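Ligands are counted one by one from 1 in listed order, and the atoms in each one are counted from 1 as well. All values below come from the heavy atoms of this structure, side chains included, with hydrogens, waters and symmetry mates left out. Because the structure is predicted, anything quoted here is derived from the model rather than measured.
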Amino acid sequence: MDPKHARDADTEAGRARWQARYDAAFKRAGEFRTLSGLEVDPVYGPTSSDPRFARIGWPGEFPFTRGLHPTGYRGRPWTIRQFAGFGNAQQTNERYKMILGAGGGGLSVAFDMPTLMGRDSDDSHSLGEVGHCGVAIDSALDMDQLFDGIPLGDVTTSMTISGPAVPIFCMYVVAAERQGVPTGKLNGTLQTDIFKEYIAQKEWLFSPEPHLRLIGDLMEFCAAEIPAYKPLSVSGYHIREAGSTAAQELAFTLADGFGYVELGLSRGLDVDAFAPGLSFFFDAHIDFFEEIAKFRAARRIWARWMRDVYGARTEKAQWLRFHTQTAGVSLTAQQPDNNIVRTAVEALAAVLGGTNSLHTNALDEVLALPSQKAAEIALRTQQVIMEETEVVNVVDPLGGSWYVEELTDRLEAEAEAIFTKIRDMGSDGTMTSGILRGIEDGWFMSEIAEAAFDYQRKLEKGDKRIVGVNCHTASVEEPLEILRISHEVEVEQRRVLAERRGARDQAAVDAALAALTAASRTSDNMIPPMLDAARAEATLGEICDALRAEWGTYSEPARF
Ligand SMILES: CC(C)(COP(=O)(O)OP(=O)(O)OC[C@H]1O[C@@H](n2cnc3c(N)ncnc32)[C@H](O)[C@@H]1OP(=O)(O)O)[C@@H](O)C(=O)NCCC(=O)NCCSC(=O)CCC(=O)O
């Protein structure tokens, strides 16, 4: 057979393979048509030889460029998962019920700054911050209230927290126990991504080593006890929001992911058992096609490295599943109603890139936490895309576009070049050692800062145009009604906390904290004693203070 015909035969064989999997998975009757009535296929691909196709493949097949499932969103649409939290647990619980009632598919918890830093609401560091940028959680009783009336066995719940991720996870497990939900039945995601804290977001508690030990404990516990749970959501969002380019976001995030894979392997865990617990989180910025290419490249790179470098054999261990949030930094305080349009375009990019889960920002998020009305518009934006635009009918509809495939290849190549740099920075050829060195030397930060500076310069010179900011500035805008958090929240939270401290069995709390400290001095898994501390109503601050006493805190080396 001449080479061209050999390739045609491959294309046909690939299509038949995909078709068989699609037919086996997709039972729903009915046709899919454009608005004006043309019938559409579930997927499109080359009819004859295309040398690029080996890199691209069919949906549901290695290297998963075109998505994880042969049926795409026909089989299951993405999860509408709106990040929310403010004030106290009761107020946030009401918002969750609104989100679920309005068609949200899962929950996503935003914590306030004291919680993110492992401090109680009555800690002097917390003054003025309680309940402001998210919900205040001091102990498992707050978790009970947060999910009151929400069956934790049925709703997948994401919690965005990294420094004190593990104690917060323990409180969530305890809240589920109190609802009567067996731990093994839980499904959700915990951010836990400490690498990106050092690289971009800066909310760590300790130096990297103890954090990595705790994360290793968590990965081990989850792989054994809660197979569906994703104990890590490796995050590019904060790297991008700090000013990185798309290629840096892609490369730094996947490198961090490889770091966690190496952590799991170094603990002797089976990659096929723990890798499905690694999930990802990306930004959907405003450059529509570049973002779509980024998501497609991410899936392909991850699958290849997982198979070829780390030896993952199962599909689930090769899958890159990701959540997307539209770009907060693309929103403007000027003419804020335009933010609805920006968010819709970015959300569409995430969907065309095959996101598994999506948060759409509210138009007022540049000024404050979303008001109820703005939160509803944000959620409805996803529903308009999902229900009205028919984009869910075809898997990876931009696959094969010369532009998108070229951008996908280019981003992949840029990411590979960055991986090489990171590995070369380390001392032993692992990604982890390169990442730790890059953190210590401020390399990631300076790369991001340079990209952010370059962007800012373009903006100021007018090379990059933003409507309402440096062009088309005339407007008839009226001030927005924004959500304000009353100081009463803090006063009340502190009062309730004092009352709770008085009512609990203090001896049980002391014993649980002592057991936790003792475990930290051994190589035992720390999750079981931390669960006991949460059950005894030890507070987040008390648990973190016990660990701070053992491990100290971390300050970034000064840099000029
Ligand atoms: C994996 C993800 C990404 C998504 O999980 P989900 O449960 O929503 O979706 P999923 O896994 O894709 O799908 C659920 C199940 O349906 C299956 N499924 C999906 N599509 C299918 C299809 N077409 N055919 C057959 N099965 C299908 C999946 O395999 C899975 O089952 P199986 O499991 O059996 O395979 C998870 O980690 C997640 O929800 N992450 C959210 C993270 C988040 O919300 N972060 C907020 C950060 S906010 C932040 O950081 C703040 C930023 C700021 O500062 O503003």
> To which protein heavy atom is atom 4 (C) of ligand 1 closest, and what is the distance rounded to 0.1 Å?
Replying inline: S357 CB, 3.8 Å
>> Can you confirm whether or not the ring centre of Y198 sits under 6.0 Å from the ring centre of F444?
In response: no
>> So, 4.0 Å and heavy atoms of E241: is ligand 1 close enough to count as a contact?
In response: no
>> Do F252 and K196 have side chains that approach each other closer than 4.5 Å (heavy atoms only, starting at C-beta)?
In response: no
> Short list, please: which atoms of ligand 1 are under 4.0 Å from a heavy atom of S108?
Replying inline: 44 (O), 46 (C)
> So between I80, T326, T189, whose heavy atom ends up nearest atom 40 (N) of ligand 1?
Replying inline: T189
> Given that the side chain starts at C-beta and the backbone is N, CA, C, O, which of these parts of F281 lies under 4.0 Å from ligand 1, counting heavy atoms, or is it both or neither?
Replying inline: side chain
> Quick one: which ligand 1 atoms are inside 4.0 Å of a heavy atom on N356?
Replying inline: 9 (O), 12 (O)
>> Within the structure, is a non-hydrogen atom of G72 found at a distance of less than 4.0 Å from ligand 1?
In response: yes
>> If we only consider heavy atoms of R74, is any one of them less than 4.0 Å away from an atom in ligand 1?
In response: no
> Within the side chain of Q179, is there an N or O that forms a donor-acceptor pair under 3.5 Å with the backbone of F147?
Replying inline: yes
>> Under 4.0 Å from a heavy atom of G75: which atoms of ligand 1 are those, numbered in the order shown and with their elements?
In response: 23 (N)
> Do the rings of W78 and Y73 sit parallel, tilted or perpendicular, given the 30° and 60° boundaries?
Replying inline: perpendicular
> Does E94 pair with K97 as a salt bridge, N-O distance under 4.0 Å?
Replying inline: no
>> Among T326, T332, N361, which residue satisfies the side chain to side chain donor-acceptor pair (under 3.5 Å) criterion with R342?
In response: T332
> Pick from R66, R15, R17: which one makes a salt bridge (Lys or Arg N to Asp or Glu O under 4.0 Å) with E61?
Replying inline: R17
> So which bit of F322 gets within less than 4.0 Å of ligand 1, heavy atoms only: side chain, backbone, both or neither?
Replying inline: backbone
>> Give me the residue, atom name and distance of the protein heavy atom closest to atom 53 (C) of ligand 1.
In response: Y237 CE2, 3.8 Å
> Between H211 and L205, is there a donor-acceptor pair closer than 3.5 Å when you use the side chain of the first and the backbone of the second?
Replying inline: yes
> What residue and heavy atom of the protein are closest to atom 44 (O) of ligand 1, and at what distance?
Replying inline: S158 OG, 3.1 Å
> At what distance is the nearest protein heavy atom to atom 8 (O) of ligand 1, and which residue and atom is it?
Replying inline: T79 OG1, 2.6 Å
> With a 4.5 Å heavy-atom cut-off, do M159 and T192 have their side chains touching?
Replying inline: no
> Taking atom CD of E481 as the centre, does the number of heavy atoms from other residues, nucleotides or ligands within less than 6.0 Å exceed 12?
Replying inline: no
>> Quick check on F453: does its CZ atom have over 12 non-hydrogen neighbours (other residues, nucleotides or ligands) under 6.0 Å away?
In response: no
> Quick one: salt bridge (Lys or Arg N to Asp or Glu O under 4.0 Å) partners of R74, sequence neighbours excluded?
Replying inline: none
> At the 4.0 Å heavy-atom cut-off, does E365 count as touching ligand 1?
Replying inline: no
>> For ligand 1, which is the ligand I care about here, please tell me if K230 has any N or O atom under 3.5 Å from one of the ligand's N or O atoms.
In response: no
> For atom 24 (N) of ligand 1, what's the nearest protein heavy atom and its distance?
Replying inline: T71 OG1, 3.4 Å
> Counting from 1, what ligand 1 atoms have a heavy atom of T160 closer than 4.0 Å?
Replying inline: 45 (N), 46 (C), 47 (C), 48 (S), 49 (C), 50 (O)
>> Tell me the protein heavy atom at minimum distance from atom 34 (O) of ligand 1, and give that distance in Å.
In response: K316 NZ, 3.3 Å
> Where the closest heavy atom to atom 7 (O) of ligand 1 is concerned, which of H359, H69, Q201, R81 has it?
Replying inline: R81
> Does the ring center of Y260 lie less than 6.0 Å from the ring center of F274?
Replying inline: no
> Backbone, side chain, both or neither: what part of H323 comes under 4.0 angstrom of ligand 1, heavy atoms only?
Replying inline: both
> Starting from atom 2 (C) of ligand 1, which protein heavy atom do you reach first, and at what distance in Å?
Replying inline: S279 OG, 4.3 Å
> Of K196, R76, R321, Q325, which has the heavy atom at the shortest distance from atom 31 (O) of ligand 1?
Replying inline: R321
